[in-house]
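Side chains included, hydrogens not; waters and symmetry mates left out as well; all remaining heavy atoms used.
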Amino acid sequence: EIIMEKVMLFTSSSSTSSRKAVEWFQENGIEYIEHRVTPLNPLSREQVLKILKTTLNGFSDVVSVSSKTFKLSGLTTDEDGYIETTTDDLISKIIETPKLLRFPIMIKGNNQVVGFRKDDISVFTPQSIRQNEMASIIGPSYKHNGGMYRSIQKSISIDSQCRIVL
């Protein structure tokens, strides 16, 4: 029996994008574990490290440096946009003030998506559903061969973000 890893979904009750993400996962039947982040239910240090580990660009992917909360926090950025503090201090600030983060944050394996955009979040759609969608797009006569789908009429491939490339 294959045990499928669930999507970790970090949300904020004040975030419209968080509500949209929860609805999308429910509508698409995708299992997830939600952690609604609040001052009374903060992230743990381990959770912040997990979020950081799955970013491409570190804290700049998940911290909202343009937010009012960031400006009031006493944190600053350098001319390149990097936050000027130590990692430990920033982790502590995030635990104390979760509104420093952009929400929702969705993680499965090494895939992380921040914010709600259907094109980005579709990376969490199970492969079986993506294959069925591909069959409906290119017709019933297709074969899967190492990431390449072939049809009598056309050839397409799937890029790393599960988008169709003609």
Side-chain angles (χ1 to χ4, degrees), residues 3-25 28 30-38 41-71 73-131 133-134 146-149 156-166:
I3 298 173
M4 296 299 293
E5 180 183 3
K6 293 181 181 178
V7 176
M8 287 298 305
L9 177 58
F10 298 97
T11 63
S12 167
S13 58
S14 63
S15 163
T16 302
S17 293
S18 290
R19 287 189 291 278
K20 287 179 181 178
V22 168
E23 287 173 17
W24 186 88
F25 281 103
N28 287 281
I30 298 170
E31 293 187 6
Y32 62 93
I33 299 169
E34 182 179 6
H35 181 106
R36 184 164 295 172
V37 183
T38 68
N41 188 31
L43 292 167
S44 68
R45 180 175 176 77
E46 292 75 27
Q47 287 171 318
V48 175
L49 289 170
K50 170 72 173 171
I51 290 168
L52 183 60
K53 180 181 165 195
T54 56
T55 64
L56 294 176
N57 303 301
F59 283 114
S60 61
D61 284 353
V62 293
V63 173
S64 180
V65 297
S66 62
S67 71
K68 181 179 178 183
T69 302
F70 184 85
K71 290 173 177 50
S73 72
L75 294 168
T76 57
T77 58
D78 64 17
E79 65 272 1
D80 295 321
Y82 293 105
I83 302 166
E84 298 180 307
T85 190
T86 66
T87 299
D88 280 343
D89 285 347
L90 189 51
I91 289 171
S92 296
K93 283 250 192 217
I94 289 169
I95 292 168
E96 293 167 21
T97 313
K99 286 189 174 193
L100 287 169
L101 294 175
R102 297 171 49 216
F103 286 102
I105 300 170
M106 297 152 279
I107 300 170
K108 184 175 181 182
N110 290 324
N111 290 323
Q112 181 187 93
V113 174
V114 180
F116 180 79
R117 286 188 54 230
K118 285 185 182 178
D119 287 350
D120 294 337
I121 199 173
S122 67
V123 71
F124 299 116
T125 304
Q127 185 177 9
S128 60
I129 294 172
R130 288 195 310 265
Q131 286 177 347
E133 288 173 356
M134 291 301 301
M148 183 68 79
Y149 289 83
I156 62 170
S157 65
I158 307 291
D159 72 8
S160 63
Q161 293 183 344
C162 301
R163 293 182 294 213
I164 298 170
V165 180
L166 297 175

If you round to the nearest 0.5 Å, how far is NZ of Lys93 from OG1 of Thr69? 11.5 Å
Lys108 to Lys6 - nearest heavy-atom pair and separation: CG-O, 4.3 Å
Report the C-alpha distance between Ser73 and Thr97 in whole Å, list the side-chain angles of each, state the deciding distance to 0.1 Å, and finish with yes or no for side-chain contact (heavy atoms from CB on, under 4.5 Å). CA-CA 8 Å; Ser73 72; Thr97 313; 5.9 Å; no
Polar side chain donor-acceptor pair, Ser12 to Ser15, under 3.5 angstrom: no
Between CG of Leu49 and OG of Ser44, what distance do you get to the nearest 0.5 Å? 8.0 Å
Identify the heavy atoms of Ser64 and Arg102 that sit nearest to each other, and give their distance. CB-CG, 3.6 Å
Correct closest heavy-atom pair for Ser122 and Asp119 would be OG-O, 3.0 Å
Rounded to the nearest 0.5 Å, what separates atom CZ in Phe70 from atom CG in Leu75? 4.5 Å
Hey, could you give me each pair passing side-chain hydrogen bond (donor to acceptor under 3.5 Å, both in side chains) that has a residue in residues 50-59? Not counting sequence neighbours. Thr54-Gln112, Asn57-Asp61
Report yes if some heavy atom in the side chain of Thr16 is under 4.5 Å from a heavy atom in the side chain of Phe116; otherwise report no. no
Taken to the nearest 0.5 Å, the spacing of Thr76 OG1 from Glu84 CD works out to 4.0 Å
Taking atom CG of Asn41 as the centre, does the number of heavy atoms from other residues, nucleotides or ligands within less than 6.0 Å exceed 12? yes
My understanding is that only one of Val62, Val114, Val48 makes a side chain to side chain contact (heavy atoms under 4.5 Å, CB included) with Leu101; could you say which? Val62
For Ser13 and Arg36, which heavy atoms make the closest approach, and how far apart are they? CB-CD, 3.8 Å
Sorted by chain and number, sequence neighbours left out, salt bridge (Lys or Arg N to Asp or Glu O under 4.0 Å) with Arg19 holds for none
What distance separates Thr11 OG1 from Met106 CE, expressed to the nearest 0.5 Å? 10.5 Å
Of all residues at least two apart in sequence or in a different chain, which pass the side-chain contact (heavy atoms from CB on, under 4.5 Å) check with Glu79? none
Given Asp88 and Arg45, is the side-chain contact (heavy atoms from CB on, under 4.5 Å) satisfied, shown in steps? CA-CA 9 Å; Asp88 280 343; Arg45 180 175 176 77; 2.7 Å; yes
Side-chain donor/acceptor of Asp78 to backbone N/O of Asp80, under 3.5 Å: yes
Kindly give the heavy-atom pair with the smallest separation between Phe103 and Phe10, and that separation in Å. CD2-O, 3.4 Å
Looking at every heavy atom in both Ile83 and Phe59, which two are closest together, and how far apart are they? CD1-CB, 4.2 Å
Interatomic distance, CD1@Ile94 vs NZ@Lys99, rounded to 0.5 Å, equals 15.5 Å
Mind checking whether Leu43 and Pro98 have side chains closer than 4.5 Å, heavy atoms only? no
